[in-house]
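Notes to accompany the following structure.
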Amino acid sequence: MQLTDLTMLELARKLDAGEVSSVEATRACLARIQQVDPRIRAFLRVDEPGALAAAEASDARRRAGTPASPLDGVPVGLKDLFLTEGVETTAGSRVLEGFVPPLDATVVRLLKEAGLPLVGKLNLDEFAMGSSNESSAYHPTHNPWDVTRTPGGSSGGSAAAVAAREVFGALGTDTGGSIRQPAAFTNTVGLKPTYGRVSRYGVIAYASSLDQPGPMTRTVSDAAALLQVIARHDPLDATSAPAKTPDYSAELESGVRGLKLGVPREYFAEGMDPEVEASVRAALAEYERLGATLVDVSLPHTQYALATYYLIAPAEASSNLARYDGIRYGLRAKDARGLKELYAQTRERGFGPEVKRRIMLGTYALSAGYYDAYYLRAQKVRTLIREDFTRAFKDVDALVAPISPVAPFKLGEKVDDPLSMYLMDVYTLPCNLAGIPGLSVPCGFTKAGLPVGLQVLGRAFDEALLLRIARAFEREHDFFRRLAPVPA
């Protein structure tokens, strides 16, 4: 077994025992990146000096017997949405090319305080707008399980880097499934926490009422440990919930016996890939064998979630992206004559087609005469979707369902069909609209060897139960031990 094949907690135990150093682990990640990333293309930039300096400091703390946290010294990567002091941060867009933040996002600060070396910035769909990583202004990322296929989006770079063993864990963000869908596509674990559980301060915004950072790891236990580091109330973020952070590992091994798990019938719609459905159904049967009771439930407003999301999210994006005007930071059209031309040329050159599409959709939905007909109505339907979940959780402890209707698809297959691409998020969007937590855990493979993920949804701030449910399934299978056959 290679050093980079270890999970986060396995490496942490070796660091604690003095069997390996953080510098050795970080150098192993850097060597792995050099070996496989020319094919995977998960990274936008690697911060070798910064990562090695952090690793050396971690080793010094461990020698002194004062580690900063249980994960001190474990190298991780960051989706390129998190402001990182002194390291170029672009959100996968040309409009922020050359932007070097003067401060850290809160979650980046927490990772540094916990002693985790930050290896570099990971690719994403531009401004997190996409489901395949193909809208990145720089290059698409490739799925380590089949480099002709997408790793999912928008946190595809984070998922691919973890699956390819380039880092031991990573952070992503989830606006409509952008952590869970890439995790499902790459045989990794992805957790979207409750809205407000993890600070958004210093995270480049797409849709402010939907965005939520979260961990992407190889195992459920790793996800619990990484969430433990970043789940903190933050007075710098007005939407950060002043909720106490539980011990996410305390009940991890408690199993599911006696739990009621709801199966939403709307999440098994016509058109789902039969192999994906078979893997999910097998996982549901496994939960019954482990002592859980499956309960048929209905979330009737699920059919409106896609339309609701694609009114609310673009509207918020239209507002958030108005700040990229060529004046304050990032790209500036230097040959523009006059202010209006500067705005127009900067945004024309800086934004890609998908970002422009969503800005136009959002601006239209917010415009005079259409606000009530579109945006306001979408917010009312959002409330109905949230109420569906509230009613369901009166009868069940959590929900279990598919994440994507299909297995990882070919790069280029849907890039010219935006509607087909948007449909990839049909089972993940309701979670964000309701603000509840959602988790993706590997549950099988297709005959072609492509990963399939299972989604677990829970009540607000009940991430510990989701982790426990996912761990019960993971404990029975070796899916997380299967390594992606990354070509060098």
Side-chain angles (χ1 to χ4, degrees), residues 8 26 29-30 32-33 37 40-55 71 73-93 96 99-128 133 136 138 141 151 153-175 178-179 182-183 186 188 190-193 198-206 211-218 222-223 225-227 229-232:
M8 294 183 75
T26 303
C29 287
L30 294 169
R32 180 72 176 169
I33 292 166
D37 209 58
I40 302 303
R41 310 199 78 186
F43 278 87
L44 289 177
R45 62 201 60 85
V46 175
D47 182 19
E48 181 173 343
L52 288 173
L71 294 180
V74 177
V76 296
L78 296 170
K79 184 177 182 178
D80 199 31
L81 276 184
F82 297 95
L83 298 189
T84 310
E85 184 179 359
V87 180
E88 184 183 14
T89 303
T90 65
S93 178
L96 276 174
F99 171 59
V100 179
L103 52 83
D104 286 326
T106 293
V107 290
V108 175
R109 174 179 59 80
L110 291 171
L111 290 174
K112 288 181 176 179
E113 289 175 355
L116 285 76
L118 307 180
V119 177
K121 310 305 285 292
L122 294 157
N123 198 19
L124 67 153
D125 286 294
E126 185 178 4
F127 281 101
N133 225 252
S136 169
Y138 298 96
T141 296
S154 63
S155 304
S158 298
V162 174
R165 286 101 67 203
E166 296 178 294
V167 287
F168 293 89
L171 290 191
T173 62
D174 195 310
T175 306
S178 289
I179 284 176
T186 57
T188 55
L191 172 61
K192 178 212 119 37
V198 178
S199 173
R200 294 186 303 108
Y201 179 77
V203 183
I204 297 172
Y206 162 22
D211 299 341
Q212 188 61 197
M216 304 187 76
T217 60
R218 289 176 217 160
D222 284 357
L226 192 50
L227 181 64
V229 173
I230 62 174
R232 296 283 186 276

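Remember, it's a predicted structure, so these values are computed and weren't measured experimentally. Heads up: numbering here begins at 1 and tracks the sequence.
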What's the shortest heavy-atom distance between [X] and [Y], and which atoms?
X	Y	result
V119	P75	CG2-CB, 3.7 Å
P117	A54	CA-CB, 3.9 Å
C29	F168	SG-CE1, 3.4 Å
F43	D37	N-OD2, 3.3 Å
P215	L226	CB-CD2, 3.6 Å
T188	P182	OG1-O, 4.4 Å

With heavy-atom distances below 4.5 Å as the criterion, would you say the side chains of [X] and [Y] are in contact?
X	Y	answer
I204	L96	yes
V162	T186	no
M216	S155	yes
P213	R200	yes
V108	Y201	no
I179	L191	no
F82	L111	no
D104	L83	no

Once rounded to the nearest 0.5 Å, what's the spacing between atom [atom1] of [X] and atom [atom2] of [Y]?
X	Y	atom1	atom2	value
R165	R218	CZ	CZ	7.0 Å
L78	T89	CG	OG1	8.5 Å
R41	Y138	CZ	OH	12.5 Å
L122	L171	CG	CG	9.5 Å
K121	L81	NZ	CG	8.5 Å

So, [X] and [Y]: side-chain donor and acceptor under 3.5 Å apart, yes or no?
X	Y	result
N123	D80	no
S136	D125	no
K79	S158	no

Q) Are T173 and D211 close enough, and set up right, to give a side-chain hydrogen bond (donor to acceptor under 3.5 Å, both in side chains), and what steps lead you there? A) CA-CA 7 Å; T173 62; D211 299 341; over 6 Å; no
**Q.** Pair R45 + E88: basic N to acidic O under 4.0 Å
**A.** yes
Q: Start with the C-alpha distance between N133 and T141, add both sets of side-chain angles, then the distance that settles side-chain hydrogen bond (donor to acceptor under 3.5 Å, both in side chains), and finish with yes or no.
A: CA-CA 6 Å; N133 225 252; T141 296; 2.8 Å; yes
